[in-house]
**Student:** 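Mind looking over this structure? Questions follow.
Within every chain, numbering begins at 1; the chains are lettered A, B, ... in the order of the sequence lines, protein sequences first and strands thereafter. In this text the structure is predicted, and so the values were computed from the model without any measurement.
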Amino acid sequence: MEQAHSQSERQVYSLFDITESITRMFRKHYAMPFWIRAEISKLNLYPHSGHCYPDLVDRQQGKVRAQVRGIIWRDDLFEITRKFESVTRESFREGINIMFLAYVRFSSEYGLSLQIIDIEPLFTLGELAREKLLTIERLKKEGLFNQNKLLEMPLLPSRLAVISAETSKGYSDLRVTLENNVSGYRFHLTMFHALLQGDGAVESIRRQLLAIQAQKHLFDAVLIIRGGGDETGMSCYDNYALASLVAGFPIPVITGIGHSTNETVAEMVAAINKITPTAVAHYLIGRFDEFSHRIGNAAAMLEVSARLILQTASDRFAKASEDFVDAAFELIKNEQQHTDMLGREIRDNVNATVFNHRIALSRYETGISTGPARILMQSDSKIAELHRLVQVHKNHFIKQQIDQLNHTEGKVKLLDPVNVLKRGFSITRLNGKALNGNAKPAAGDELETETLSGKIFSTVFNKELS
Amino acid sequence: MKKEINYTQAITELEAIVSEIENASIGVDELSEKVKRAAELIRYCRGRLTATEKEVNSILNNLGNDENIQE
Amino acid sequence: MKKEINYTQAITELEAIVSEIENASIGVDELSEKVKRAAELIRYCRGRLTATEKEVNSILNNLGNDENIQE
Amino acid sequence: MKKEINYTQAITELEAIVSEIENASIGVDELSEKVKRAAELIRYCRGRLTATEKEVNSILNNLGNDENIQE
Amino acid sequence: MKKEINYTQAITELEAIVSEIENASIGVDELSEKVKRAAELIRYCRGRLTATEKEVNSILNNLGNDENIQE
Amino acid sequence: MKKEINYTQAITELEAIVSEIENASIGVDELSEKVKRAAELIRYCRGRLTATEKEVNSILNNLGNDENIQE
Amino acid sequence: MKKEINYTQAITELEAIVSEIENASIGVDELSEKVKRAAELIRYCRGRLTATEKEVNSILNNLGNDENIQE
């Protein structure tokens, strides 16, 4: 090898010499197998021979920094695949990171290769879990995680885009369950074929999702249905590319992928996730049932409430009408009583008035009856009095006259000469004439003297006169 | 006495006579005459009074009887 | 007696006569006449009273009878 | 009696007559007439009262009958 | 009765008449007239009430009949 | 009745009338009018209730039948 | 019913109407209309549950064309 440094004395080896030398060195230094981790970038399975020559790469931040060809002989492959799939529930495929036990080989003919003889599936499991976690974190970080869930699920998801394998049992279950719903709901399924697991599933599903997205107005929801068959190759649903498409899908995605292990990210972000296609069908029927139930409720409530409104209105109306009639009758009755009372009052008062007038009249009548008698009696008394007065005054009058007459008579008697004679006086007459004081009888005159007892005749012989 | 004389005239004459007599302006002879006349008149008047009283009483008695009859 | 006289006039005349007799403002000659007149007046008045009483009673009786009939 | 008189006038006149008679401010001459008039007035008033009563009762009875018919 | 009168006016007038009769501020002469008027008013009021009652009864009957028909 | 009234207005008016009558804030004169109006309102309300009930029943029955046909 | 409505709007409107009727915030006047509308909505919604072949076919056809275009 020193000669190689010398320019003058150049030793030239055949290629074989060199590769043999490397081969010896590999045998010496890499005699024992190593546990190596790497990504299978390409599986390169040759079905004919049954051998597999995977391309192994080591990436850092997406950049390949090492690449080596691997060799898995048929028998090893069988054993490794069985062991891997039984633990990871994932097919031994490209794109996964594996931890494997391999001899580092160098062959003059084929160069460097890693002969894989054993595998540690737990490593891959961890890797898958890590990948899933990364996907979730990224979706959350990008705000996509809940986006599909936040879409409003149509009340009646009847136009359904189904991503499935037409021959799959899952699709068949879905179709049969939907078609045989007892309520006769109509669903329209539009089939979009896709690989649903394993290699190619991500791309296949993504392509169909994009196809659906292009005519999203025709569909109420997308169904990703997988049923029957094995449950390997499900890690595709944890794939960011697929999961992010599902999460950000403009119409609700319903998954019914059918498995018993943990939920995949795609299922997590789907609007609705049901385990089996049948469950998806029941969910859809349930939506219809719910809708139908709402309609039924509304109809029942409508009837009850409408009747109640009518009944209430009818009751209110009946009460108002009855109250009206009652009140009107009451008012009329009161007025009738009032009117009748006025009538009675008139009768009573008229009778009282007439009665009072009668009493007044009878008082006047009494006055008339007793008055005249009194007047007549008074008049009668007066006449009697006048009668008496005539009698009395007449008597008095006559007595006065008699008295006066007697008085006069007395006077006359007193002066009667006869009475003078009686007292001894006499009357002397001369020549038949009585002598008074002035008489101057002459002597010799013959005098006649009258006395009570008779006449005496004498002659004057002397006289003594004063 | 003439019939034509009435009580008033009689009394008037009588009073005149009495007055004459009282005045002693008449002589005894006339006096006697006058007294005679007065006596006549008194008699007449008395008669008239009696007659009148009788008549009046009769009238009033009849009235009284009437009254009695009425009662 | 003249028919034209009424009770009041009769009474008035009667009272005048009574007064005349009382005051002796009449003579004996008229007394008889006056008393006769008084008697006439008294009789007239009494008659009037009796007649009036009868009439009034008759009227009042009729009134009373009316009332009885009515009742 | 004149037809023109009404109850009020009649009773007023009657009252006046009764007052006159009671106060004896009425003479015998008028008494009979007055009593006659009073009797007339009483009869008239009575008649009016009876008629009014009858009329009123008739009216009110008819009214009452109306009521009965109605019921 | 004039057609223009209404129930309230009728009752008011009727009450006034009753009051007048009650206070005896009405003479016998008017009494009959007033009672006649009152009777008219009462009859009118009754008529109005009866008519109204009939109407209300008609409503009531309609109410009843309608109800029966409906049931 | 004016066409413009609706059921709610009609029942409200009816109840207002009832209240007025009950509070005796209404006379007989108005009662008559009110009775007439109430009759109209009652008739209208009844008609509307019956019609609405019929209509609603018909609609609900049809709805029920639809459901039966579907099942 | 207007063509523009979709069943989501329909059930929302239906439930709103039912709620109105339930809360008796609806009068007799509107009831009939509301019930009619509700019945329409119910019928429409019911129809949506069992959408017709025609509708589906139409979708299918459209879909088929779209698919052809895409491929």
**Student:** Please answer whether the main-chain N or O of F:Y7 pairs with a side-chain N or O of G:D29 as donor and acceptor at a distance below 3.5 Å.
**Tutor:**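 Here the side-chain-to-backbone pair exists.
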**Student:** Just wondering, do F:T8 and G:V28 contact through their side chains at under 4.5 Å, heavy atoms?
**Tutor:**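 The answer is no; the side chains never approach within 4.5 Å.
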**Student:** Roughly how far, to the nearest 0.5 Å, is CD1 of F:I59 from CZ of G:R37?
**Tutor:**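 These two atoms lie 12.5 Å from each other.
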**Student:** Please report the shortest heavy-atom distance between F:L63 and G:R43, naming the atom on each side.
**Tutor:**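 Closest approach of F:L63 to G:R43, heavy atoms only: CD1-NH2, 3.9 Å.
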**Student:** Check salt bridge (Lys or Arg N to Asp or Glu O under 4.0 Å) between G:K36 and all other residues, then give those that pass, not counting sequence neighbours.
**Tutor:**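 So G:K36 forms a salt bridge (Lys or Arg N to Asp or Glu O under 4.0 Å) with F:E55, G:E33.
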**Student:** For F:I11, which atoms come within 4.5 Å of any heavy atom of chain G: side chain, backbone, both, or neither?
**Tutor:**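 F:I11 has no heavy atom closer than 4.5 Å to chain G.
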**Student:** Taking all non-hydrogen atoms of both residues, which atom of F:V56 and which atom of G:S32 are closest, and how far apart?
**Tutor:**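 Nearest pair, atom of F:V56 first, then G:S32: CG2-CA, 4.2 Å.
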